[in-house]
Amino acid sequence: MLEPMTVRDIQAIQDAVAEYWPNVRWVETTGSTNADLLKEGDPGTVLIADEQTAGKGRLGRHWVSPKGSQLAMSMVIDVPDEVPPFGLLSIAPGVAVTDVVPQARLKWPNDVQIGGKKIAGILSALDLPRVIVGIGINVAMRTEDLPVETATALNLEGLDVDFDDFTADILLAMGKRLNQWREGDPQLLEDYRAVCSTIGQHVRLEMREGEETVTGTVTGINDEGEVLIDGSAFSVGDVHHLRPTS
């Protein structure tokens, strides 16, 4: 039986990440950390939960964080007056995870994967002049508890982490990468392209309900963060790789 993962020393995490996040909070359980911070949360606030019962994923999907199995948290950043492309906002948190977990790669736009299996989900919510960025990283799970066959967890990939240290490392990387988005730093997109497993793949893109799917080869990611399929740009949708990543 796996030992549940939980924050042991919230003050130590706060001290480690204060450069970017001056207000780090922890709760045992909540419906959704994103929803909580949408109600109330100044820029620089982070909310970490041992358990989420009503989280939302991309395209409105239900996202549950079982108790003690994930690093589930949301953070608030302010949006600059000269707003950078929001497509780049969606990729910044994923790049941050690959900074800490170098084995990981990103399926466009921000599915964090190891060996083609998903370890993390990311969702950003605009509430101008703020953005709330939520992330759930599978840290310690049993195979039988994974939500789908295409998911995995750090421990199942042989990566056992100290939860407090890992949380601090992720928040530091998030602070750096989200600042790059706010400042329009081109290094963010360059680094994203380097870890994006979708580039060069033959894919099927499923867009919002009722819209047709698109099949083709991904030729790149443009400067807005959109995926280019046979030269045409798409800003939303779920990408499915139709052949194994090389």
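We use all heavy atoms of the structure for the numbers below, so side chains are in, but hydrogens, waters and symmetry mates are not.
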Apply side chain to side chain contact (heavy atoms under 4.5 Å, CB included) to Leu242 and Thr215, showing your working.
-> CA-CA 9 Å; Leu242 299 182; Thr215 302; 4.0 Å; yes
Given side chains that start at C-beta, do those of [X] and [Y] come closer than 4.5 Å, heavy atoms only?
X	Y	value
Leu189	Ile91	yes
Trp26	Met73	no
Val239	Gln201	no
Ile122	Ile135	yes

Residues sharing Leu228's hydrophobic cluster, by side-chain heavy-atom contacts under 4.5 Å among ILVMFWY, directly or via others?
->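 Members besides Leu228: none; it forms no cluster.
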Using links of under 4.5 Å between side-chain heavy atoms of ILVMFWY residues, direct or through other members, which residues join Val148 in one cluster?
->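 Members alongside Val148: none; it stands by itself.
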Shortest non-hydrogen contact from [X] toward [Y]:
X	Y	result
Ala168	Val17	O-CG1, 3.6 Å
Ala120	Ile137	CB-CG1, 3.9 Å
Val100	Ala173	CG2-CB, 3.9 Å
Ala140	Met5	CB-CG, 3.6 Å
Ser124	Val133	OG-CG2, 3.8 Å
Ala104	Val112	CB-CG1, 3.7 Å

Are [X] and [Y] joined in one hydrophobic group, where the rule is that I, L, V, M, F, W and Y side chains link up if heavy atoms are under 4.5 Å apart?
X	Y	value
Leu188	Leu106	yes
Leu171	Ile132	no
Val27	Val7	no

Between [X] (side chain only) and [Y] (backbone N and O only), is there a donor and an acceptor less than 3.5 Å apart?
X	Y	result
Gln14	Trp21	yes
Asp230	Thr217	yes
Arg204	Thr213	no
Tyr192	Pro109	yes
Trp181	Pro85	yes
Asn138	Ser69	no

Extract all donor-acceptor atom pairs below 3.5 Å that involve side chains of residues 35-44 and protein atoms in other chains or at least two apart in sequence.
from, atom 1, to, atom 2, distance (Å)
Asp36, OD2, Thr30, OG1, 2.5

Test side-chain hydrogen bond (donor to acceptor under 3.5 Å, both in side chains) applied to Asp164 - qualifying residues, sequence neighbours left out =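 side-chain hydrogen bond (donor to acceptor under 3.5 Å, both in side chains) list for Asp164, sorted by chain: empty.
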By side chain to side chain contact (heavy atoms under 4.5 Å, CB included), which residues pair with Val161, not counting sequence neighbours?
->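 For Val161 the side chain to side chain contact (heavy atoms under 4.5 Å, CB included) partners, ignoring immediate neighbours, are Val139, Leu154, Phe166.
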What do the steps show when you test Asn23 against Val46 for side chain to side chain contact (heavy atoms under 4.5 Å, CB included), and what is the final call?
-> CA-CA 6 Å; Asn23 181 19; Val46 175; over 6 Å; no
Can you tell me how far [atom2] of [Y] sits from [atom1] of [X], rounded to the nearest 0.5 angstrom?
X	Y	atom1	atom2	answer
Gln70	Glu51	CD	CD	10.5 Å
Ile13	Arg8	CD1	CZ	8.5 Å
Arg177	Leu88	CZ	CG	12.5 Å
Thr152	Glu157	OG1	CD	3.5 Å
Thr98	Arg105	OG1	CZ	7.5 Å
Asp99	Asp191	CG	CG	7.0 Å

Side chain to side chain contact (heavy atoms under 4.5 Å, CB included) evaluation trace for Val95 with Gln180 = CA-CA 11 Å; Val95 179; Gln180 285 183 325; 5.9 Å; no
Does any pair with a residue in residues 73-94 pass side-chain hydrogen bond (donor to acceptor under 3.5 Å, both in side chains), and if so which ones, sequence neighbours excluded?
->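 Residue pairs with at least one partner in residues 73-94: Thr33-Ser74, Asn34-Ser74, Asp78-Arg182.
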Would you call Lys67 and Asp145 a salt bridge, using N to O less than 4.0 angstrom?
->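 Salt bridge: no.
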Apply side chain to side chain contact (heavy atoms under 4.5 Å, CB included) to Ile10 and Val24, showing your working.
-> CA-CA 8 Å; Ile10 192 67; Val24 180; 3.7 Å; yes
